[in-house]
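The structure appears right after this line, and notes come after that.
All values derive from a computational prediction rather than experimental measurement.
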Protein chains: 2
Amino acid sequence: MVSIYDIAKAAGMSAATVSRALADNDKISRSSRERIQRIADEMGYRPNLLARNFRQKSSSMIGLITDDVSDELSGMIAKGVEQALRDNGFSMLVRNVHHDLDNEQSAIDYFADMQMDGVILADSTLDSLAEVPSTKLPFVLINRFSSAEEPVSIVCTDDFAGGYDATDYLIKLNHHKIAYINGPEDWYSSIRRLNGYIDALKKNNIPFHSEYVKHGDWFEDSGYRLALELFRSEDPPTAVFAANDMMAVGVIDAARECGLRVPEDVSVMGYDDRTIAKYVRPRLTTIQLPMFEVGQMAGQVLCEMITTGHVPDGKSTRLLVRGNVIERETTAPLQG
Amino acid sequence: MVSIYDIAKAAGMSAATVSRALADNDKISRSSRERIQRIADEMGYRPNLLARNFRQKSSSMIGLITDDVSDELSGMIAKGVEQALRDNGFSMLVRNVHHDLDNEQSAIDYFADMQMDGVILADSTLDSLAEVPSTKLPFVLINRFSSAEEPVSIVCTDDFAGGYDATDYLIKLNHHKIAYINGPEDWYSSIRRLNGYIDALKKNNIPFHSEYVKHGDWFEDSGYRLALELFRSEDPPTAVFAANDMMAVGVIDAARECGLRVPEDVSVMGYDDRTIAKYVRPRLTTIQLPMFEVGQMAGQVLCEMITTGHVPDGKSTRLLVRGNVIERETTAPLQG
DNA sequence: CGCATTTTTGCAATCGATTGCAAAGATTTG
DNA sequence: CAAATCTTTGCAATCGATTGCAAAAATGCG
């Protein structure tokens, strides 16, 4: 490998001059600069970034901690993060921690030892126990919360608004008997979506019936079972809002099983807008979460923190990203 | 930050000794080793990996080049790669190149400058023009081919076998009129799957009808349109095999539109086993590709190349991974 | 031309670790 | 007890760049 010393020798100048010339420093005369540049090209010089970064005490890399990149939403986040980082001259190291706090801590330690410039902690499926990570690196949280005192930067999808918008959309379709199949009770995101649901009912003067709220486990089958209960109850709902798309698919199955047509007899609303939402029949109306943009924002915020020297004003940044209702085929105005 | 020199001072020994002690080198007496270790812990010493890697001329990182991590299959590959790398003490830098060869080249250059230990080039959607990358780094290709002389390592899903197995599965169900909706004609993977389809017909003494082979563009809608043509033709097929799951969903739509029941009147077979296959109704029978394992194997092979010093025997390694038929609800024995 | 400025360049230290070789210290052995 | 051997430690170089400061060269000006 050719180093700046080799170039220096070939050019009959010092390594310092070569370094500055290649950095296009204007302390070096134009003629020397061009000559050195040319020689470097001829010799096929490539800078050793490890050496440079080491000297500079910054790796120009940031670490992305995620539970599982192969999850569709996490993948979108990763893509957005990578995009923003690249635009800012950073690159992205990924570590899947599989819902394990020990893995997470060891990833953070590794990042710190590697002199990473920052960390993004994305979308922990463990959000019930999401904590502020212990690290001195600048970091940004995605869809996680912090109970700590210190200011943190967070980019989050707006679960409350999502719950509200979904419910409000169904109400606008004249539905009053709207059931909500939530995720597990102890998840923050579940709680926030539920609050959005409740708020939408209240704002529209629709009484809240606790029998209309069920808690699933995010999986299809729980949506199916709980919807069955709802459809077979005394006073079945005319619309069901599920807290994710998988459970919504289960709801559609349950409706079919009960001889109910979707959307004519019952409307179904999902959440997340995963790919499956476009492929099930009827196509699922759902809340789309712009995860790519969320990742991008998180990346951007982190880069700014790094560039400008950590936390802006020593204050927490909290970006709430609102999703959109994507109207497809599982919702329709209430008949009669 | 505390360095080994700080520890050396505190311990009254030289930095060399500290370095060796922490590396658990047995040239250092047990007592010194323990004392140094203890002091390091007390001072909260963390090794600077950038310095270490720089000195060692190896970053312990490998680069993953992919078109788009947010694609489900690429995400699975990335997950498998990361797993294998971590097991071997490497970490993974990801770069999305979005089907752009310039991006790919610049990513490779960056990786080389960064002193990465290797590169994995995954799953180019551009496979028609997949070429051997120009790099001196050890690399492994995933689902790509090389037209070059030099030996390369490749991990690939077995498209021929996939095409064969899918077709054979339908034949075993007594179908003889089997249509195949392929991807674009100029994709290698399309060609190989088609050959598998043809071979299965031949082995089972079923005449090949070119009217039964159509070329789509991988998207749902092309599956729909081409299936419509098939179902409305003179002699409609009793089974349709689509070269991916998206097009298969289109086929199901077309069948429904033509008043054909799936699977009673027509069987439908997909390819890839994406998540949507489990969520469409009826659930899609398809060829499952173990992408996680593919990624893992590629990672493993690369780590071995790096550890043992590049290409084994100077010969190409070519691992072909066969998928499995996942029986679900869109296929059934031919009636009557 | 000589002195003051300005522009270019080089010296040498530095970042934090690792490592070959030699030296010092400890232990064994005849 | 001295010589030989083995164990433990330190010196100093090295990896490839960057950078503060000083020196050298070029230029300007009276």
State, with a plain yes or no, whether a side-chain heavy atom of [X] is found less than 4.5 Å away from one of [Y].
X: B:L22; Y: B:I4; result: yes
X: B:T66; Y: B:N96; result: yes
X: A:Y45; Y: A:I39; result: no
X: A:L121; Y: A:V140; result: no

> Of B:K27 and A:S3, whose closest DNA chain D nucleotide lies nearer the 5' terminus?
Replying inline: B:K27

>> If you assign A:R55 and B:T17 each to the DNA chain D nucleotide with the nearest heavy atom, which residue ends up on the more 5' nucleotide?
In response: B:T17

>> Contact list please: residues 35-50 of chain A against DNA chain D, heavy atoms, distance less than 4.0 Å, in numerical order.
In response: A:Y45, A:R46, A:P47, A:N48

>> So A:M13, base contact, sugar-phosphate only, or nothing? Heavy-atom distance under 4.0 Å.
In response: sugar-phosphate

> What does B:S19 touch in the nucleic acid at a heavy-atom separation under 4.0 angstrom: a base, only the sugar-phosphate, or nothing?
Replying inline: base

Between the side chain of [X] and the main-chain N/O of [Y], is any donor-acceptor distance below 3.5 Å?
X: B:S91; Y: B:M61; result: no
X: B:D158; Y: B:L320; result: no
X: B:R192; Y: B:D159; result: no

> Under the side-chain hydrogen bond (donor to acceptor under 3.5 Å, both in side chains) criterion, do B:Q296 and B:Q300 qualify, and how do the steps go?
Replying inline: CA-CA 6 Å; B:Q296 250 189 330; B:Q300 188 60 38; over 6 Å; no

> For D:dT8, does either OP1 or OP2 sit under 4.0 Å from a side-chain N or O belonging to B:S32?
Replying inline: no

> Where each residue is assigned the nucleotide of DNA chain C containing its nearest heavy atom, which of A:I28 and B:I4 is assigned the position nearer the 5′ end?
Replying inline: A:I28

>> With a strict under 4.0 Å distance from non-hydrogen atoms of chain A, what nucleotide opens and what nucleotide closes the contacted stretch of DNA chain C, reading 5' to 3'?
In response: C:dT8 to C:dG16

